[in-house]
Colleague: 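There's a structure below that I have some questions on.
To find a chain, count down the sequence lines: A is the first, B the second, and so on, and within it residues start at 1.
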Amino acid sequence: SQQGEEDPQALSIQEGENATMNCSYKTSINNLQWYRQNSGRGLVHLILIRSNEREKHSGRLRVTLDTSKKSSSLLITASRAADTASYFCATDASRNTGFQKLVFGTGTRLLVSP
Amino acid sequence: GAVVSQHPSWVICKSGTSVKIECRSLDFQATTMFWYRQFPKQSLMLMATSNEGSKATYEQGVEKDKFLINHASLTLSTLTVTSAHPEDSSFYICSAPDGQQRGNQPQHFGDGTRLSIL
């Protein structure tokens, strides 16, 4: 399987704490994306980092990418109860096919307690 | 922002029934859409790539006669689960990349369809 792996599978923290999720993948990529999924809903795009970028920020989110290790991390700072969701990384490794075909990681279920 | 609408959100039907799921891009044109399947507490698995005006491209192991995909317009793709059985029960999600740019663009996801076959 080409599917990426994420760890931890589940993470439980208190409001105000930081949450770090890691993603490893197997192939060369064009970019890596992080998505959030609330229970029973579709996915919401959080951040996209290109293969030539090493770090990217968006609000309370910080993403790093290490292409030599084929890994990425998502840091959520000062977490809130509303951050409770599943988080997935997805890699775009499409070659000469135009639109991207994403391969999703296994996901991290984050629980933020008030 | 770009919105993808998926309908219905929830279907319960008897074994042997065929079920159609619609995926619409509401404020942009989508020449390509993607269909995923997700089992409880698991990740999304790509089933097929839907191409406007041409045949869909199916991932290995996905039966094209079982999961019929039609992408007849630039804003609508449909997935029909034919002669559904209990093992087809799952959460089906569609997505579409925004606009005509190729690569390095996020995808917009529908809210998913929960299919339960009795």
Colleague: At what distance, to the nearest 0.5 angstrom, does CD of B/Q38 lie from CZ of A/F104?
Modeller: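 Separation between the atoms: 9.0 Å.
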Colleague: Examine whether an atom of B/I93 lies under 4.5 Å from a heavy atom of chain A, and if so say whether it belongs to the side chain, the backbone or both; otherwise answer neither.
Modeller: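 The answer is the side chain of B/I93.
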Colleague: Roughly how far, to the nearest 0.5 Å, is the CG atom of B/L44 from the OG1 atom of A/T106?
Modeller: 12.0 Å
Colleague: Looking only at non-hydrogen atoms, find the nearest pair between A/R41 and B/F91 and report the distance.
Modeller: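 Looks like O-CE2, 3.5 Å.
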Colleague: Within a reach of under 6.0 Å around NZ of B/K55, are more than 12 heavy atoms found that belong to other residues, nucleotides or ligands?
Modeller: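 Open: at most 12 neighbouring heavy atoms sit under 6.0 Å from NZ of B/K55.
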Colleague: What part of A/L48 gets closer than 4.5 Å to chain B, counting heavy atoms only: side chain, backbone, both or neither?
Modeller: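 Just the side chain, heavy atoms under 4.5 Å.
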Colleague: Decide whether B/M33 and B/Y58 are clustered together by the hydrophobic rule: side chain heavy atoms of Ile, Leu, Val, Met, Phe, Trp, Tyr closer than 4.5 Å, transitively.
Modeller: no
Colleague: Select one option (side chain, backbone, both, neither) describing which atoms of A/I47 are under 4.5 Å from chain B's heavy atoms.
Modeller: neither
Colleague: Contact part of A/Q37 toward chain B, heavy-atom cut-off under 4.5 Å: side chain, backbone, both or neither?
Modeller: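 Only the side chain of A/Q37 comes within 4.5 Å of chain B.
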Colleague: Applying the 4.5 Å side-chain criterion to the ILVMFWY set and letting contacts propagate, would A/L74 and A/L32 be lumped into a single cluster?
Modeller: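 Yes: a chain of side-chain contacts under 4.5 Å links A/L74 to A/L32.
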Colleague: If hydrophobic clusters are built by linking Ile, Leu, Val, Met, Phe, Trp and Tyr wherever their side-chain heavy atoms come under 4.5 Å apart, do A/V112 and A/L11 end up in the same one?
Modeller: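 A/V112 and A/L11: one cluster.
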Colleague: Could you state whether B/V62 and A/V103 fall into the same hydrophobic cluster, counting links through intermediate Ile, Leu, Val, Met, Phe, Trp or Tyr residues with side-chain heavy atoms under 4.5 angstrom apart?
Modeller: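 No: no chain of side-chain contacts under 4.5 Å links B/V62 to A/V103.
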Colleague: Run the side chain to side chain contact (heavy atoms under 4.5 Å, CB included) test on A/H45 and B/Q107 for me, step by step, so that the C-alpha distance in whole Å, both residues' side-chain angles and the decisive distance to 0.1 Å come before the verdict.
Modeller: CA-CA 7 Å; A/H45 178 259; B/Q107 291 193 18; over 6 Å; no
Colleague: Go through B/Y36 and A/L102 one step at a time and tell me if the side chain to side chain contact (heavy atoms under 4.5 Å, CB included) criterion holds.
Modeller: CA-CA 10 Å; B/Y36 298 86; A/L102 297 180; 4.0 Å; yes
Colleague: Considering all heavy atoms of both residues, which atom of B/F109 and which atom of A/L43 are nearest to each other, and what is their separation?
Modeller: CB-O, 3.3 Å
Colleague: Counting only non-hydrogen atoms closer than 4.5 Å, does B/E59 touch chain A with its backbone (N, CA, C, O), its side chain (CB onward), both, or neither?
Modeller: side chain
Colleague: Around A/H57, counting heavy atoms of other residues, nucleotides and ligands shown, do more than 12 lie under 6.0 Å from its NE2?
Modeller: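 Above 12, so yes.
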Colleague: Specify which of A/S39, A/G40, A/S86 makes the most heavy-atom pairs with chain B at under 4.5 Å.
Modeller: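 Among the listed options, the one with the most contacts to chain B is A/G40.
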Colleague: Answer yes or no: are there more than 12 heavy-atom neighbours, outside A/K56 itself, under 6.0 Å from its atom NZ?
Modeller: yes
Colleague: Do A/Y87 and A/L61 share a hydrophobic cluster, counting only Ile, Leu, Val, Met, Phe, Trp and Tyr and linking them when any side-chain heavy atoms are less than 4.5 Å apart?
Modeller: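 The answer is yes; both residues are in one hydrophobic cluster.
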Colleague: Whether the side chain of B/S43 engages the backbone of A/G105 through a donor-acceptor N/O pair (distance < 3.5 Å, no angle test) should be reported.
Modeller: yes
Colleague: If you draw a 6.0 Å radius around CD in B/E52, do more than 12 non-hydrogen atoms from other residues or ligands fall strictly inside?
Modeller: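 Counting other residues, nucleotides and ligands, CD of B/E52 exceeds 12 neighbours.
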